[in-house]
Amino acid sequence: MKTSCIVVAAGSGKRAGFSFNKVFYELAGRTVLFRSLDALSSSGLIDEIVPVISPVDALLYAETLRREGASPIVRDPVPGGKTRRESVYAGLKALGPDTDVVLVHDAARPFVTKEIIENVLKDALMFSSGVISCPVTDTVKQLDGENGALCTLDRNLLRTVQTPQAFRYDLLLKAHETLPEDEMATDDAYLFEKLYGSVHLTGAASAKKNIKLTTAEDFEMAENLLSPPLRTGTGYDVHRLVPGRRLVLCGVEIPCEKGLLGHSDADVALHALIDAMLGAAALGDIGHMFPDSDQKYKDISSLALLKTAAQAVQEAGYELSNCDITIVCQRPKLAPYIAQMRAVVADALGASPDCVSVKATTNEGLGFEGEGLGISAQSIAVIKRRNQCRK
């Protein structure tokens, strides 16, 4: 038995607010379309996959294929039509007559599982059709056209329908060729039931996860499923106190007879924060990004380094959620400067002062901090994924 699959990818991204076809949106480094192709091909249940794409996306598809790669069973794409029905029909005509069962799947459902594919194929062999569906859990009202509820429908008799939808190839092809062209079907199950009376609805435990990505909120949910929306990093730094240097902490100059020794202004608190932010984004550390062997960083303000690090974090797809800095310093007393420190750091990061915590403590006379030989600082930074789909 030969099983083929048509992947419909000729739509757009208008409802998601994109200026491009939504199936080329990258989720955790791989496009929605190629995630769908991966899920289908890795099931081991399909012999060939035919993507149907808009002609305007042909170059983009080729570039994405070169970058991401695909299974050998994924054939060259077929140009889609103006409607979903036209696109599916183009895919059907591209299949060979030796195809026994065909699946039709929306590329915007990248979380399809092997269980779903196996179940719809099994039902297609037994009943000539297998359409993945979910029970309705909400109460459903039928409207009168003016937001008045005519009646409450029995949800036990209702199902929401997804893709993939599996059919005997010859029967689905006949439905497309027989029914009038003005039958604007939202899915192939509609055409099948129009010609043959009914389709067989298939269930699967994983069907609830088989979401279709349509709106910006759908894409945000998908990103959260693939990777945690929050990431945490820690930072630690220490500098020696010496005469003849300014004491700068969190970008604020503190009156003191000694200052911190370092290649830059030696702002130990900001250095710890920078390390925490870079660590949360897995971007290395401050020494890697701003090496002390580079003269352009000689005596530079650490606020400038912080802004550069924050930009790198943003380019990696994240932004600061909140941070906490603890400065260990026997003297001078830092309490009078804490509010100013928070405001300066928040301003440098473009964040609210409520997102920035700065604390100071002594070491009770113990250790190098307690002896007044140096100052250390620790920091924790929490970064959150920027909502790329709402840019």
Side-chain angles (χ1 to χ4, degrees), residues 1-12 23 33 36-37 39-40 43 45-55 73-109 112 116-134 136 157-204 207 210 212 214:
M1 185 187 74
K2 182 179 179 182
T3 301
S4 302
C5 180
I6 297 168
V7 177
V8 187
S12 66
V23 301
L33 170 56
S36 295
L37 295 176
L40 294 163
S43 71
L45 301 169
I46 299 169
D47 298 304
E48 65 174 348
I49 300 174
V50 176
V52 182
I53 66 171
S54 170
I73 70 170
V74 178
R75 288 177 41 185
D76 290 339
V78 172
K82 294 180 181 179
T83 65
R84 186 183 190 281
R85 179 177 173 181
E86 289 179 6
S87 294
V88 174
Y89 185 48
L92 288 171
K93 291 189 294 182
L95 300 178
D98 57 338
T99 299
D100 298 294
V101 176
V102 60
L103 291 88
V104 180
H105 185 61
D106 293 325
R109 292 187 188 270
V112 60
I116 292 172
I117 298 167
E118 192 170 36
N119 288 4
V120 297
L121 283 175
K122 182 169 62 177
D123 283 352
L125 290 174
M126 187 175 298
F127 304 105
S128 297
S129 62
V131 175
I132 191 64
S133 64
C134 287
V136 174
L157 301 177
L158 299 174
R159 296 291 184 271
T160 58
V161 172
Q162 306 173 347
T163 65
Q165 301 179 357
F167 308 92
R168 272 182 45 189
Y169 172 70
D170 57 337
L171 296 182
L172 183 60
L173 182 63
K174 182 179 178 182
H176 272 266
E177 293 179 338
T178 302
L179 292 171
E181 291 183 3
D182 58 0
E183 288 279 1
M184 289 293 103
T186 57
D187 67 357
D188 294 275
Y190 173 88
L191 294 176
F192 199 90
E193 65 190 34
K194 267 285 188 178
L195 189 60
Y196 304 110
S198 67
V199 293
H200 187 82
L201 298 184
T202 303
N210 186 32
K212 185 177 182 181
T214 303

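V136 is listed as a side-chain neighbour of T160, based on a closest heavy-atom distance under 4.5 Å. At a threshold of 4.5 Å between non-hydrogen side-chain atoms, the residues S36 and V112 do not count as touching. By the 4.5 Å heavy-atom criterion applied to side chains, L95 and L173 are not counted as neighbours.
Closest approach of N119 and G203 over heavy atoms only: ND2-O, 2.9 Å. When all heavy atoms of V52 and G80 are compared, the pair lying nearest together is CG1-CA, 3.5 Å. Annotation for V131 and A189: closest pair CG2-CB, 4.0 Å, computed over non-hydrogen atoms. Smallest separation of non-hydrogen atoms from V23 and A108: CG1-N, 4.2 Å. Considering every non-hydrogen atom in both A175 and L195, the closest pair reads CA-CD2, 3.6 Å. Shown here for P79 and A90, the closest heavy-atom pair between the two residues is O-CB, 3.7 Å.
Note that CG of N210 and CD1 of I116 are 4.0 Å apart. Values are rounded to the nearest 0.5 Å. From L103, atom CG reaches atom OG1 of T163 across 9.5 Å, with rounding to the nearest 0.5 Å. Remark: I117 CD1 to T202 OG1 distance equals 12.5 Å, nearest 0.5 Å. A distance of 9.0 Å separates OG1 of T83 from CD of E181, quoted to the nearest 0.5 Å. Residue L121 holds its CG atom at 7.5 Å from OG of S43, rounded to the nearest 0.5 Å. Residue L40 holds its CG atom at 10.0 Å from CG of L45, rounded to the nearest 0.5 Å.
Remark: the backbone N or O of S128 is not paired with any side-chain donor or acceptor of Y196 at under 3.5 angstrom. When atom types are taken as modelled, the side chain of Y169 and the backbone of L92 share a donor-acceptor pair closer than 3.5 angstrom. A donor-acceptor contact shorter than 3.5 Å links the side chain of S87 to the backbone of G81. Checking side-chain atoms of R75 against main-chain N and O of V50 turns up no donor-acceptor pair under 3.5 Å. Although no hydrogens or angles enter the test, the distance criterion places no donor-acceptor pair under 3.5 Å between the side chain of S129 and the main chain of A124.
Legend: residues meeting ring pair (Phe, Tyr, Trp, His ring centres under 6.0 Å) with F127, ordered by chain and number and at least two apart, are H200. Taking E177 as the reference, Y89 meet the side-chain hydrogen bond (donor to acceptor under 3.5 Å, both in side chains) condition, with sequence neighbours excluded. Remark: Y190 pairs with E183 by the side-chain hydrogen bond (donor to acceptor under 3.5 Å, both in side chains) rule, at least two apart or across chains. Every residue meeting the ring pair (Phe, Tyr, Trp, His ring centres under 6.0 Å) condition with F167, not counting sequence neighbours, appears here in chain and number order: F192. Under the rule for a side-chain contact (heavy atoms from CB on, under 4.5 Å), the partners of S54 that lie at least two apart in sequence or sit in another chain are A10, V56, D57. In this structure S12 satisfies the side-chain contact (heavy atoms from CB on, under 4.5 Å) test together with K14, sequence neighbours excluded. With sequence neighbours left out, the side-chain hydrogen bond (donor to acceptor under 3.5 Å, both in side chains) criterion links D187 to Q165. Listed by chain and residue number, R168 satisfy the salt bridge (charged side-chain N to carboxylate O under 4.0 Å, His left out) test with D170 (two or more places apart in sequence, or in another chain).
Annotation: salt bridge (charged side-chain N to carboxylate O under 4.0 Å, His left out) contacts involving residues 80-97, sequence neighbours excluded, comprise R84-D106, R84-D188. Sorted pairs that involve residues 119-133 and meet salt bridge (charged side-chain N to carboxylate O under 4.0 Å, His left out), not counting sequence neighbours, are lacking altogether.
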Side-chain donor-acceptor pairs under 3.5 Å in residues 1-9, sequence neighbours left out?
residue : atom : partner : partner atom : Å
K2      : NZ   : E48     : OE2          : 3.3
K2      : NZ   : D98     : OD1          : 3.3
S4      : OG   : E48     : OE2          : 2.7
S4      : OG   : T99     : OG1          : 3.3

